[in-house]
Amino acid sequence: MRPELPPRYEPASVEDRIYRFWEEGGFFRAEPAPGRAVFTIVIPPPNVTGVLHMGHALNNTIQDIATRFERMRGKVACWLPGTDHAGIATQNVVERELKKKGLTRQQLGREAFVAEVWKWKETYEARILGQLRRLGFSCDWSRTRFTMDEGLSRAVRVAFVRLFERGLMVRGKYVVHWCPRCGTALSDEEAERRERPGHLWRVRYPLKGGRGHVVVATTRPETMLGDTGVAVHPDDPRYRSLIGKTLVLPLALREIPVVADAAVDRAFGTGAVKVTPAHDPADFAIAQRQHLPAIVAMNPDATMSDAVPERFRGLDRFEARKRVVEELEREGLLEGVEDHVSAVGHCYRCDTIVEPTLSDQWFVRMKPLAEKAIAAQRAGEISFHPPRWERIYLDWLENVRDWCVSRQLWWGHQLPIWYCPNEHVTVAETEPESCAECGSSELTRDEDVLDTWFSSALWPFATLGWPEDTEDLRHFYPGHLQTTAREIIRLWENRMIFAGLELLHAVPFRDMIIHSTVLAPDGRRMSKSLGTGIDPLDVIAEHGADATRYGLLKMSSTQDVRFSYGAVEEGRKLANKLWNVSRLILGAAAEATPDLRPQALEERWILARIEATRAEVERLLGEFDFSHTAQALYRLTFDDFCDWYAEAIKPRLYARDPDALATALAALERLLALLHPIMPHVTEEIWSNLPAREARLIVSPWPEPEARFDDARDALGNAQLAARIYRRSGVRVNVLGDSRRIFEAVVRPQEDGQGDVDAEIRRVREEIARSERMLGNDGFVAKAPAEVVDAERTKLDQYRDELKALVGG
RNA sequence: GGGCGAUUAGCUCAGUUGGCUAGAGCACCAGCUCGACAAGCUGGGGGUCACAGGUUCAAGUCCUGUAUCGCCCACCA
């Protein structure tokens, strides 16, 4: 044994050193080469708002395994890293920081504030990239990008101009989700609906002239101050006579008409809808059709605007709600109130209830883009894993509405739009000299920035140099794999796809893995505010990066999973086990050279097992089944390699049998290669201790199937049979003793433990009987699929052979 | 209102187109200190596969319904 190898695998003393070796050796760099296939993943760029969480760790572990696997299979594997400026999210965290110092962004002014955010970005980007290294990820760091670096920013402007020129980027006045705390518009996807208990008030709107009234139902009474009509269904007999009549809006005392619109649901509420065009998208649509004006009843901060009666002005919307209800009650206009649960939009970044508000914003016209994406998907261009998410994605495309992309924020890509005093719009990639329409040189740039997801949409190609026609773009686009959590499908994945189709006429990747969300051990969401979060760095510090990666894979599946320390500990045990069996082999075989010279049964058997597992791992990784990959490798390492093979060859190792030494080293090499994508550090560290090997498992080839294992089937069958006999044997065999005896015993059972062979014979006979019963069943033979019947016949033959071996041997 | 997923051992989860006596890790029990590893080895106990029907020679697996939990979508104000 090599005294210099410690008896325990200590990740802390190994992982950083190994990582530096990889990075300094340039092994992650992806250089296109003639004749070599390419494999590309662009990292989902983490937000620079903070540090990575468990979801990132799982997501990126999957990407690293895919990257390392493809690299070992000989491809030029490019995993492009980077970070996202995360406009609204980062602006919010920096604002929160300022608030601790008693400052607001308004006090700083735009330029100084943005400078503060850049400082924040530098700090957190460095931390994030450090975390990615700590997990052992093999990113091509020479290609690291940021969504607001120069190249990406130019790509954003070019994309904006192209969409504008194609008529896909338009300015319009619509009701958008407005976050009064962030002070900006949001897209539909950024407003998260949550069911909240509330009330449904029924309010009388008197007819002009004093007789009669219409009762409307509302969940937001304060918005009535912005009502400009009441709508009923044209075929509703209750209200037919009122259509065209005039009502007096209570409190505001404004005259408003009763209009007919087919969008009204006769069955809900009273069948009469108050129309607030400026604060409800459905009402806005009705107002457009019925030519009703819009009155903006609220200010951007959700206080009541000057358009409402003076006594309500400046009141917060919820205070105003109380006051409106009180006054209605006092005037006897409140006909009733009931509890009502409704889905209320919340800002996805600050959780404030959003206020639908009429606003002037820029929109991407989605219909034409969605149509292309739908066509591409119908042609099967992207495979979803698991496939059920494809339906979710297509549903979104089929019901898509225009995408509001302008944000009233400071941190982000400023719109490439300039206005002249005549209100002409000039859209240009670089600052224009003069107005495109009237030639005026007095231009003002639009202050708004773009939705952060706009630059994200361009990430798969802008990171490779688009809009230039670069070498990288030609080699690495389209990419191959995208992995993500399900909530990102609508925010990001969809947008990468339609942007890629529109701007490069190609989808950005072929396979999309939707992986599980990692929950806290108690099943709640991992979140900082709940105190349920687990920091991947803490887990790494305790168990090592390899164990953490293994644990995440093991617990990953297609549904949500609870974080399990058990899975990580399993990974740590696996790393330690591998380390120690390597100590055993390396200690005995220090001078030998790896070389396959299998002679003994256990040697042919372990090589067959490694070969079978290689094929299994290839298949499982091809299906993106990482949990079973981890399980297969655990079995191979623990049960087969350590508990059986290593024990069996111990006597020959101690005796310095050159064939055993050489074969053990060669078998170990193959085992390490299979484990490397999942546990890169420990395998690399062991590899570097192998004789006559440079420390670079990372670029060593994935094991090839070996023709010389043709006889492995027999060896495998025998050994499995032997193992079964052994396990059922009542005879105590000391495994840590002369383990070769075990193999000899199980292979020649008649020499040792004769009674147990009888038990085995009984068992095989039972199996034969069962199989014969099945095959003797006419229904089974007649109705079961032919291959099932054939398989059963094959099994029966195998059992009969086993029996013959047992009885005849 | 619509849709999706889940329910298997004390815990976390596997279980392929229906086909042997439903598995793993952890935990638990018993034994083992032998020159890789006690973070080890060997063996063991533990399950009405949420419930009720149905299809089938055969159901954890397929169908229908029920219950519970979770998630997503939705302009019923």
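Naming: A, B, ... by sequence-line order, numbering from 1 per chain.
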Q | CA sep, side-chain torsions, deciding dist, call: A:D560, A:S516, side chain to side chain donor-acceptor pair (under 3.5 Å) | A | CA-CA 5 Å; A:D560 290 352; A:S516 36; over 6 Å; no
Q: Output yes when at least one side-chain N/O atom of A:R562 is less than 4.0 Å from OP1 or OP2 of B:U12, else no.
A: yes
Q) If you measure from the P atom in B:A14 to the same atom in B:A9, how many Å do you get, rounded? A) 12 Å
Q) Judged by modelled atom types alone, do A:D402 and A:Y174 share a side-chain donor-acceptor pair under 3.5 Å? A) no
Q. A:F641 CZ to B:A36 P: how many Å, rounded?
A. 15 Å
Q) For A:L552 and B:U12, what is the distance between atoms CG and C1' respectively, to the nearest whole Å? A) 14 Å
Q: Whole angstrom is fine here: how far is it from NZ in A:K577 over to C1' in B:A36?
A: 8 Å
Q) When you compare B:G45 with B:A50, how far apart are their C1' atoms, in angstrom units rounded to a whole number? A) 25 Å
Q: Using the P atoms only, state how far B:U33 lies from B:U42, rounded to an integer number of Å.
A: 15 Å
(Q) Is it true that A:E190 and A:Y348 share a donor-acceptor pair across their side chains at a distance under 3.5 Å? (A) yes
**Q.** For atom CZ of A:R388 and atom P of B:C4, their distance in whole Å
**A.** 11 Å
Please write out each protein N/O paired with an N/O of nucleotides 25-27 of chain B under 3.5 Å, distance rounded to 0.1 Å.
| from | atom 1 | to | atom 2 | distance (Å) |
| --- | --- | --- | --- | --- |
| B:G25 | O2' | A:E570 | OE1 | 2.9 |
| B:C26 | OP1 | A:K573 | NZ | 2.1 |

Q. Reckon A:V216 touches a base, only the sugar-phosphate, or nothing at all at heavy-atom distances under 4.0 Å?
A. nothing
Q: Summarise protein proximity over nucleotides 68-77 of chain B in one line of letters, 5' to 3': B for base, S for sugar-phosphate only, - for none, counting protein heavy atoms closer than 4.0 Å.
A: ---S-SBBBB
(Q) Output the rounded distance in Å from CZ (A:R8) to C1' (B:A38). (A) 9 Å
Q) With no hydrogens and no angle check, do the side chains of A:H233 and A:D261 hold a donor and an acceptor under 3.5 Å apart? A) no
Q: Please measure how far the P atom in B:A6 lies from the corresponding atom in B:C62, and state the result in whole Å.
A: 9 Å
Q. Reading RNA chain B 5' to 3', what string of ( ), [ ], | and . shows its pairs, if Watson-Crick and G-U wobble pairs count only when both distances fall under 3.5 Å?
A. (((((((..((((.....[...)))).(((((.......))))).....(((((..]....))))))))))))....
Q | Sequence-distant partners of A:R202, salt bridge (charged side-chain N to carboxylate O under 4.0 Å, His left out), two or more places apart | A | A:E338
Q: In whole angstrom, give me the gap between the C1' atoms of B:G18 and B:C75.
A: 46 Å
Q | Pi stacking test for A:Y654 and B:G35: under 5.5 Å apart, planes under 30° | A | yes
Q: Identify, between A:D395 and A:S627, the residue whose nearest nucleotide on RNA chain B lies closer to the 5' end.
A: A:D395
Q: By nearest nucleotide on RNA chain B, pick out whichever of A:N580 and A:P521 is the more 5' one.
A: A:P521
Q | Distance, rounded to the nearest Å, where A:R572 contributes CZ and B:C37 contributes C1' | A | 13 Å
Q | d(OH, A:Y550; C1', B:C13) in whole Å | A | 12 Å
Q: State whether the side chain of A:D283 and the backbone N or O of A:A278 hold a donor-acceptor pair below 3.5 Å, judged by distance alone.
A: no
Q) Using atom C1' of each nucleotide, how far apart are B:A27 and B:G10 to the nearest Å? A) 7 Å
**Q.** Interatomic distance, A:H385 NE2 vs B:U16 P [rounded to whole Å]
**A.** 20 Å
(Q) Does A:T357 form a side chain to side chain donor-acceptor pair (under 3.5 Å) with A:E355? I'd like the steps, not just the answer. (A) CA-CA 6 Å; A:T357 302; A:E355 195 61 42; 5.6 Å; no
Q) On a whole-Å scale, what distance lies between the C1' atoms belonging to B:U61 and B:U8? A) 12 Å
Q.
Within this structure, what is the CD-CG distance for the pair A:E10 and A:N576, rounded to the nearest 0.5 Å?
A. 8.5 Å
Q. Does the side chain of A:W396 pick up a donor-acceptor pair with the side chain of A:E189 at under 3.5 Å?
A. yes
Q) So, A:T218 side chain and A:R220 main chain: donor-acceptor pair closer than 3.5 Å or not? A) yes
Q) Hey, do the aromatic rings of A:F624 and A:H385 have their centres closer than 6.0 Å? A) yes
Q) If the C1' atom of B:A74 is compared with that of B:U68, how far apart are they to the nearest Å? A) 25 Å
Q: Could you pull out all residues at least two apart from A:D265 that satisfy salt bridge (charged side-chain N to carboxylate O under 4.0 Å, His left out)?
A: none
Q: Determine which pairs satisfy salt bridge (charged side-chain N to carboxylate O under 4.0 Å, His left out) with at least one residue from residues 544-556 of chain A, sequence neighbours left out, and list them in order.
A: A:D64-A:R549, A:K554-A:E570
